[in-house]
Amino acid sequence: MANQDDQFKKVISHAKEYGYVFQSSEIYDGLSAVYDYAQNGVELKKNIRDYWWKAMVQMHDNIVGIDAAIFMHPTTWKASGHVDAFSDPLIDNKDSKKRYRADVLVEDYCLKIENKIEKEVKKASKRFGDAFNKEEFLSTNPRVLGYQEKIDSILSRLGKSLEKEDLADVKLLIEELEINCPVSGSRNWTDVKQFNLMFGTKLGASAESAMDLYLRPETAQGIFVNFLNVQKTGRMKIPFGIAQTGKAFRNEIVARQFIFRMREFEQMEMQFFIKPGTQGEWYEHWKETRMKWHLSLGMGAENYRFHDHEKLAHYADAAADIEFKFPFGFKELEGIHSRTDFDLKAHEEHSGKKLQYFDHEDNASYTPYVLETSIGLDRMFLAVFSNALVEEELENNTTRTVLKLPAVLAPFKAAILPLVKKDGLPDVAKKIVEDLKWDFNVTYDEKDAVGRRYRRQDANGTPFCITVDHDTLEDNTVTIRHRDTMEQSRVKIEDLKSIIKKEVDVKTWLMKMK
RNA sequence: GCGAAAGUAGCUCAGGGGUAGAGCAUCACCUUGCCAAGGUGGAGGUCGUGGGUUCAAAUCCCAUCUUUCGCUCCA
């Protein structure tokens, strides 16, 4: 555990020191759980996004991309269930310091009463034997009726109070029912507070005419509401997918662990529209496909695992996470969810517009089912970055800090270094930079001993160092050094482009998925 | 949100009532020239922020912000 903490600390400080991630508004003491991507981080993040986009959109005939707005019509979030599901009434017990959902406490209480009814039923069934009629017993036994009445009145009061957002009454209810904290056993409760996980804002200049809006808490809904537009204008035939990357916002109660859980974050997701009944096979297909994508980056199969959900969200009929071994343990990196027709149906209901597909094979219309793959770009960034950071013991008893980023994702593909800062070597090196920068993000460095420059590039994840020496002036060859092996070979300047391209090309890496 | 720990230079940290230090990094120059840590010089901090105690606060007290960990929550 101490090692894990150490490694995580190193990741955070390395990310700052080498210009990958800064805390937002740092000069004002920062803003909780908000981070900025710095000069190198933005390149890495962009490369991850591109790698995903190529794999998901460009390589699939039947998947197209969109970029929906962050603002959406407020009804969207009613339809999606976020208005209800994303806002929890919470209450703390002052003695045990435990936090509970107030409505769950009350519901649990009702559950206990229900258990009492069950007991009555059991007792009665023993007593009456074969003559026992459960239905009749439930509707006539005075004790059972009393219990049931109590449950009904509690739940209806709870429902009404929640509807009116009368949180004081919810607390009162908890007090009247004499509900104890399961841990401390006390009834020393705080007030009930409403937590809404969506960020609100206003559309419109004047207060009276302004409309309440939310910043989207997920990007998926932008795809669902555009489903028919894309299908028609793109002449898409089921099965087909719509992909999107973009920011989403959640007002997390607890947002922590560096960029793992942020209040503003970026998702990369794809909604795949399919014929009802085929969701099982597509679920398996996308689980496998997405795992292959991860494995293609060569970050170690042992660092990934599936986690199948037992408790499913309200929209899903199957769901699994791809978990990655972060410095703080295995955590969710990507979700693959079989969302059924929940979203499209909900939008049909709330908008009154049909969101159906006419299948010419069946000669019938239906609301498609949806299979979702959704990955957090920031989490992927953290996975790549933390996995890449290693400290190596070298033979000469020195240590080397290397950021072993997959070459396809590295911010800089090569550093061009003149062996010395004289004899015209910098000019030759700069000429190489001028030539290569059309194809790759490259950098130039002439400061300090070349060995130190190598280490500097190692720590920044640059896969290649190209060194111009005195022989270069004679025969137009340079040395090219590989970051991970530290091995060097002598190559012609004119061959540099093809050598680098082979190693850093998206194609080279994505082919590993096959 | 509760509890614990922490916040001093870009990074890692020392100091602990008498107005700031180290290593590395960074910048300039010199030297060297294929795997970091030669030389000289420079820049960089009102010790997270705000209050209080004191003749005097980075140091003691209170509040607050931020971070990490535990609880809690998590589409």
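Below, all heavy atoms of this structure are taken into account, side chains as well, without hydrogens, waters or symmetry copies. From a predicted model like this one, the values you see are computed outputs, not experimental measurements.
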Presence of salt bridge, A:Arg490 and A:Asp469, under 4.0 angstrom: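 Looking at A:Asp469 and A:Arg490, the cut-off is met.
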side-chain hydrogen bond (donor to acceptor under 3.5 Å, both in side chains): which pairs involve residues 409-422 of chain A, sequence neighbours left out?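 Sorted pair list comes back empty.
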Under the 3.5 Å rule, do the base of [N] and the side chain of [X] count as making a donor-acceptor pair?
X        : N      : result
A:Asp469 : B:rC34 : yes
A:Arg400 : B:rC35 : no
A:Tyr454 : B:rC34 : yes
A:Arg481 : B:rC35 : yes
A:His82  : B:rA75 : yes
A:Arg455 : B:rA36 : yes

May I ask you to verify if any side-chain N or O of [X] is less than 4.0 angstrom from the OP1 or OP2 atom of [N]?
X        : N      : answer
A:Gln23  : B:rU67 : yes
A:Gln257 : B:rC69 : yes
A:Arg452 : B:rA25 : yes
A:Ser32  : B:rU67 : yes

Return whichever of A:Arg261 or A:Arg490 has its heavy-atom-nearest nucleotide of RNA chain B closer to the 5' end.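 The answer here is A:Arg490.
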Measuring only the P atom in each nucleotide, how far is B:rU53 from B:rC61? A whole number of Å is fine. 16 Å
Stems formed with participation of RNA chain B [Watson-Crick or G-U wobble, under 3.5 Å, three or more pairs]: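 B:1-7 with B:65-71, B:10-13 with B:21-24, B:26-30 with B:38-42, B:48-52 with B:60-64 - these are the stems of 3 or more pairs that involve RNA chain B.
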Using the benzene-type ring in the case of Trp, are the ring centres of A:Phe273 and A:Phe227 under 6.0 Å apart?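 Between A:Phe273 and A:Phe227, the centre distance is under 6.0 Å.
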Kindly state whether the ring of A:Phe328 and the ring of A:Phe326 have centres lying under 6.0 angstrom apart.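 That pair passes the under 6.0 Å test.
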For the pair A:Phe464 and A:His482, name the ring-plane relationship: parallel under 30°, tilted 30 to 60°, perpendicular over 60°. perpendicular
Quick one: is the NZ or CZ of A:Lys325 closer than 6.0 Å to the six-membered ring centre of A:Tyr304, and within 45° of its axis?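 No, A:Lys325 and A:Tyr304 do not form such a contact.
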Value rounded to 0.5 Å, distance of CH2 in A:Trp77 from CZ in A:Arg216: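 One gets 7.5 Å once the value is rounded to the nearest 0.5 Å.
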